[in-house]
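Okay, so here's the structure we're looking at.
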Amino acid sequence: MNYWLFKTEPEECSIDDFAKAPDQAIVWEGVRNYQARNFLRDQVRTGDLVFVYHSSCKDIGIAGVAKVVQNSYPDPSQFNSSSPYFDAKSTGTKAPWVAVDLQFVEKFTRLLSLDKLKQSTKLEQLPLVKKGNRLSVMPVSSAEWQHIIKMSQDKGNCDEARETT
DNA sequence: GCCAACGTTGGC
DNA sequence: GCCAACGTTGGC
């Protein structure tokens with residue numbers, strides 16, 4: 001089982017959209033970056049857990065958790081000329097983009113902000129917090145996952161100063 | 001809205 | 001295959 005972080009603009013697909021339909025599989029489509037695509041296609045598997053990260057919005061950060069319920073398959077939006085993700089170069093035999101299906105797991109009681117993630121010395125290797133990073137599907141190590149979960153449950157917000165054990 | 005950082009494109 | 005120009009991402 002692997003851990004991931006997926007970026008989304010909440011106006012498009014937020015943790016609340018998952019929470020509204022907790023029993024439904026939600027199509028995660030529109031990834032149009034090769035590195036992210038390769039992760040989706042080759043490594044993201046049913047049963048993996050995913051942090052849902054809200055970007056390009058007022059409250060930036062990790063909003064909750066989803067799980068993968070369907071391995072990658074051709075992204076239907078690449079064939080849909082009315083979709084913003086339409087790719088005119090995609091044909092039945094040459095369709096570079098893939099989607100996976102996700103399902104709701106939990107919404108954090110409070111969003112874990114990018115600011116807090118950046119403060120944690122334990123997350124320095126996470127591509128998300130690196131300057132200029134644009135990867136929209138990225139692996140999260142088991143240690144990072146546990147730590148982020150812990151931070152999300154810390155009521156008084158995570159005090160990194162007390163982390164020097 | 002700005003703009004730095006990045007990925008992609010296309011001429012050569 | 002190089003690399004300048006361009007378009008996009010995404011925090012601020």
Side-chain angles (χ1 to χ4, degrees), chain A residues 2-19 26-44 48-66 68 72-102 104 106-141 144-145 147-152 154 157-161 163:
Chain A
N2 287 310
Y3 299 108
W4 304 95
L5 183 146
F6 289 7
K7 291 181 186 172
T8 178
E9 297 187 12
E11 294 95 54
E12 187 173 355
C13 182
S14 77
I15 194 69
D16 290 323
D17 295 319
F18 283 96
I26 293 190
V27 179
W28 196 269
E29 61 184 11
V31 170
R32 294 293 180 271
N33 164 286
Y34 287 105
Q35 201 184 348
R37 187 280 313 266
N38 290 346
F39 281 130
L40 271 191
R41 186 188 59 189
D42 304 331
Q43 295 186 49
V44 173
D48 289 357
L49 291 174
V50 176
F51 283 133
V52 177
Y53 174 88
H54 289 175
S55 72
S56 297
C57 59
K58 184 162 158 291
D59 297 312
I60 298 165
I62 298 175
V65 177
V68 180
S72 66
Y73 56 92
D75 180 344
S77 68
Q78 68 192 315
F79 306 116
N80 178 359
S81 60
S82 61
S83 164
Y85 300 122
F86 177 62
D87 184 343
K89 286 174 290 191
S90 294
T91 66
T93 51
K94 278 195 84 172
W97 309 117
V98 298
V100 298
D101 289 352
L102 300 184
F104 181 70
E106 69 165 320
K107 178 183 177 178
F108 288 165
T109 328
R110 36 160 63 181
L111 177 127
L112 182 54
S113 71
L114 174 61
D115 194 48
K116 296 217 189 68
L117 294 167
K118 279 181 172 169
Q119 286 170 26
S120 172
T121 54
K122 291 182 179 174
L123 301 177
E124 282 168 354
Q125 298 308 311
L126 193 63
L128 181 77
V129 302
K130 293 188 177 169
K131 188 178 177 185
N133 169 72
R134 294 167 59 171
L135 191 59
S136 60
V137 171
M138 71 185 74
V140 175
S141 76
E144 288 163 343
W145 181 274
H147 186 61
I148 291 170
I149 291 290
K150 209 173 73 185
M151 287 175 78
S152 77
D154 192 337
N157 304 334
C158 190
D159 184 357
E160 290 297 325
E163 242 183 56

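Computed from heavy atoms alone, side chains included, the values below leave out hydrogens, waters and symmetry copies. Protein chains get the first letters and strands the later ones, always in sequence-line order, with residue 1 at the start of each.
Atoms CG (Asp115(A)) and C1' (dG11(C)) sit 11 Å apart, rounded to a whole Å. In this structure, Leu117(A) places its CG atom 15 Å from P of dG10(C), rounding to the nearest Å. A straight line from CD of Gln35(A) to C1' of dT9(C) spans 14 Å, rounded to a whole angstrom. Counting to the nearest Å, the C1' atom of dG10(C) and the CG atom of Asp59(A) are 15 Å from each other. Following rounding to the nearest Å, Lys89(A) (NZ) and dG10(B) (C1') show an atom-to-atom distance of 11 Å. The distance from atom CG of Asp87(A) to atom C1' of dT8(C) is 15 Å, rounded to the nearest whole Å. Atom-to-atom, CG of Leu135(A) to P of dG11(C) comes out at 13 Å; the value is rounded to the nearest Å. Following rounding to the nearest Å, His54(A) (NE2) and dT9(C) (P) show an atom-to-atom distance of 17 Å.
Applying the 4.0 Å criterion to OP1 and OP2 of dA4(B), one finds that Lys131(A) has every side-chain N and O outside that range. For dT9(C), the OP1/OP2 oxygens have no side-chain nitrogen or oxygen of Tyr53(A) closer than 4.0 Å.
The residue Ser55(A) sits close only to the backbone: its heavy atoms come under 4.0 Å of sugar-phosphate atoms, none of a base. Contacts of Lys118(A) with the nucleic acid, taken as non-hydrogen atoms under 4.0 Å apart, involve only primed sugar atoms and P, OP1 or OP2.
Ring geometry, Phe51(A) versus Trp145(A): the interplanar angle falls under 30°, so the pair is classed parallel (tilted spans 30 to 60°). Taking the six-membered ring for Trp and thresholds of 30 and 60 degrees, Trp28(A) and Phe6(A) have ring planes inclined between 30 and 60 degrees apart.
Here Arg32(A) pairs with Asp75(A) in a salt bridge; the nearest charged N to carboxylate O distance falls below 4.0 Å. Taking a cutoff of 4.0 Å between a charged side-chain nitrogen and a carboxylate oxygen, Lys107(A) and Asp16(A) qualify as a salt bridge.
For Leu114(A), the side-chain atoms get nearest to dC12(C) when compared with the rest of dG7(B), dT9(B), dC12(C). Among dT8(B), dT9(B), dG11(C), the nucleotide with an atom closest to any side-chain atom of Tyr34(A) is dT8(B). Comparing atom distances between the Lys7(A) side chain and each of dG10(C), dT9(B), dG11(C) picks out dG10(C) as nearest.
Asn80(A) and Tyr85(A) are not linked by any side-chain donor-acceptor pair at a separation below 3.5 angstrom, with hydrogens and angles left out of the test.
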